[in-house]
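Structure record follows, encoded as structure tokens.
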Amino acid sequence: MLKLILRRLAQMVLIMAVSSLLLFAIFDTPEFKKRLAVQELGGFAVSALTEDSYQSWLAKRGLDVPFHERYVNWVGNILTGDFGFSFEKNRPVGPLLADRLVNTGILAFFVFALMIPLSLVLGVLAGMKEGSVQDRTISFVSVFTTSIPEIASAILLTVIFALGLGWLPVKSAMIGGFSFRELVLPVLTLVIYDFGYVARMTRASMAEVMTSQYIRTAILKGIPYRRVVMKHALRNALIAPFTLIVLQLNWLLSGVVVVEVFFEYDGFGKLLLEAALFPDVEVVQACTLVAVAVAVVSQIISDIGYTFLNPRIRFA
Amino acid sequence: MSNKDTSNTLHPKVADARCQMESGKLNRREFVRFAALLGVGAGAAYAMAGLPNPAVAQDAANLPFPADDPDAKAGGILKVAMQVQKIDDPATFSWTQASNQARHMLEHLAMTGPDNVTRPMLAERWEASDDLKTWTFYLRKGVKWHNGDDFTTEDVKFNFERWTDPDLGSSNVGLSSISAMVEEVDGKKRLIDGAIEVVDDHTIRFHLAKPVLSFPEDMYNYPTAIVHRGFRAPLDDSPNGTGAYRIAENVVGDRCILKRVTEADGQPFEYWGGKVYLDEIHYYNFDADNQLTAFAGQSVDAIYDFGVEQMELAKAIDGQIISARTAQSLCCRMRVDAEPFTDVRVRKAIAMAVDNSLIKPLVYPEGGDVGENYHVAPVHPDYQALPPISRDVEGAKALLAEAGYPDGLEVTIDVGNTDGPWHQTVAEAMRDQLKDAGITLNINVIPASKYWEIWTQTPFGATAWTHRPLGTMVMSLGYRTGVPWNESGFSSAEFDAALDEAEATLDVEARKPLLAKASKILQDSGVVVLPIWRPIYCMASNSVHGYPAHPTQYHQFNKVWMG
């Protein structure tokens, strides 16, 4: 197990090194530097700059240094905990990133708190009696909600609950400080989109377990059905959904851009999008490192969790 | 010379203008604008025009702000949705939003109101010499900085010296007034010795290398806010201004909070501009597409702007839709040095095949004006209509055949939608109209930031130009031979000469035909299809009073109140 963790961490460092180097190379092109100048000075102002003025602007921003030198400096700074400075947001990347990660963490917490019990219960209920009305109804709802893009459900929910009924705020910008009410619509949007996927996986896993020989034996032995499900089937049926749920961490970190942008929720995904469009290179770099770290760590958690849920699984 | 009130000697042109008004050649509103340009206080100008002055305060202080509303209530916080940007150095502001964040703290020598009239602000008045090469500004007395210092000519001199410092990189150097005070030495622009003359603590004189008409208007350009003589960037670290409010917090991409200043250096702070009503002004960061829905959800009291494509949504929301007539436009311009646009017949054929009068109502059904393929708008005081243009498809085909394209032509226009998706709508309408003349127009839609990288180089591009108070201003910035923003590469000695003459003419009535001559040259050259002068829209809740829509989207909340 220790070997597995160490190997995964080594892979993580390698991925981080390669992806950040690639990003640095891409962002070092003259086109990206010009785009940065346009964002900072304005299109009209940049076109009026003389070559000398443009070069001095590059020097002021530290962009006149060859990219490999900048890369080495950047890596050195990262090792000392300095993630650089955001051109766009005008503040150090470290605290900025921490703020956004906390916000996304809060969003993810509530999504998980709602989505996991809901999808597991529905998945188990559907899988218990494959082909029943209960199964078909849950399966239909799951497929239906998952097939609606997040932006569509976000608009629909906003029109009904915010603009129509006036029960909830339209945006989640948290102008007046943290507010649970402002969190409701983004959480609901994400839960609606994602629960069906996990429920379908749970259903498939549960249905497969319910047709296995040991379950049939347990039923034939006369063990109460409820006990068969809770004690024998559930644990085995949860192995596949567990992996899936842990991997949703990745999606909740950077895959929820649409929801964060639509609701103006200042999370990690919105930060990454804004930085990529600006282009705010040091923010993009830092976000990439975090995204890689979360992807690898969630994979490790998934692997470790696997061994607990199914002791027969051993990693070499 | 000009004066602050009617009792003293006036600039001779004021008397001429008054005669023209009395003989019916100049309407009263144009007279007020002209008199204000010559440094006559707005109150006095309105009085001379025989008009009541409903929009502007008429007290002795000659304030540039709207008159106080007798029903106004003091107190409250105005929350506005707008992009919240970096505000390190006002001289290098690139966007209107940044200047709005600072506008109620840092003020300008002059102020152009929502009515497009420029009035003295930190300056009490100004004088122009007859040749428009010497401008004298008399500063308002009794203006205090938030740190207790007096506002003097040293502050103004400090700012002009900064703007012309080549190492600062301020776009103010491109303004007609400032560019007439700099010379190029060893490839670098620097302030001409003696260009700024400090006469006394409240009088400063500028000596220009060429006549400049738009000096007062230039002083309300967004990067010309006046900072304290001890200013060191970034502004957030030591906010100090002459305005009624001070920035208490500025978090880029999140919020900018301004609070009313109550004391300066331990003493009660008395704002020179009279009463203000709001306790605080809060800007909250919302992307352009999200501002209207944020308003609908009552997260904010007002928004920076919304696009024409959101008009139906705006109408469905409870609140005031406020619009302003502007000289903001979309210039579909062709580079005269890029094939096939090197041939004037091709350019003219494209212009002839497009019907601006159909495109305007299609894209902007409400408000706005139809463009006439030259860059002076009906809202400009020096606008003079040229003979109307009409679509001529057969004429366009004939011109194309003459130019060597008897079987039609295929061209591509780059569209960045830098000002909203309506740019693309205009291009699509043009595409459909050009088809009738055998011209295939491909539309290459690219990201806004990408467009700004190529806007001066692309052979055919759709560029948004913002409003400027005088007609001569954009004509000079965008079409004069060799200027940096001449995106079409247009060059005409005849045009330059006509524009020179117009720019050297203070008398607006005399200037109109001169500018019309330059406009006609530009129109005949076919370098630009300019179909629309677009209106701007913003929205405020019914509890916000006196919320003005400014043609350049500059915020002026001194007389705004919540009730």
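Protein chains get the first letters and strands the later ones, always in sequence-line order, with residue 1 at the start of each.
- For A:E88, the part lying under 4.5 angstrom from a heavy atom of chain B is the backbone only.
- Within residues 250-257 of chain B, the residues having any heavy atom less than 4.5 Å from a heavy atom of chain A are, in residue-number order, B:V252, B:G253, B:D254, B:R255.
- For the options A:E31, A:M174, A:K60, A:E182, heavy-atom pairs under 4.5 Å to chain B are most numerous at A:E31.
- Neither the backbone nor the side chain of A:F263 comes within less than 4.5 Å of any heavy atom of chain B.
- With rounding to the nearest 0.5 angstrom, the CD1 atom of B:I454 is 11.0 Å from the NZ atom of A:K34.
- For A:F180, the CZ atom sits in a loose shell: 12 or fewer heavy atoms of surrounding residues, nucleotides or ligands are nearer than 6.0 Å.
- Among residues 148-163 of chain A, the residues having any heavy atom closer than 4.5 Å to a heavy atom of chain B are, in sequence order, A:L163.
- In this structure, the side chain of B:N290 engages the main chain of A:V261 through a donor-acceptor pair within 3.5 Å.
- Remark: A:K270 NZ is packed, more than 12 non-hydrogen atoms of other residues, nucleotides or ligands lying under 6.0 Å away.
- In terms of heavy-atom pairs under 4.5 Å with chain B, the best-connected choice from A:D266, A:L168, A:L277, A:V170 is A:V170.
- Identified by a heavy-atom distance below 4.5 Å to chain A, the contributing residues of residues 445-453 of chain B are B:S449, B:K450, B:W452, B:E453, in residue-number order.
- Heavy atoms of B:F286 lying under 4.5 Å from chain A belong to its backbone as well as its side chain.
- With rounding to the nearest 0.5 angstrom, the OG atom of B:S299 is 9.5 Å from the CD atom of A:E264.
- Using a 4.5 Å cut-off between heavy atoms, B:A81 makes no contact with chain A at all.
- Residues of residues 83-92 of chain B that come within less than 4.5 angstrom of chain A, heavy atom to heavy atom, are B:K86, B:D88 in numerical order.
- The number of heavy atoms from other shown groups lying within 6.0 Å of CD (B:Q298) does not exceed 12.
- Using a 4.5 Å cut-off between heavy atoms, B:S170 makes no contact with chain A at all.
- With contacts defined as side-chain heavy-atom distances shorter than 4.5 Å, the pair B:T293/A:F262 does not qualify.
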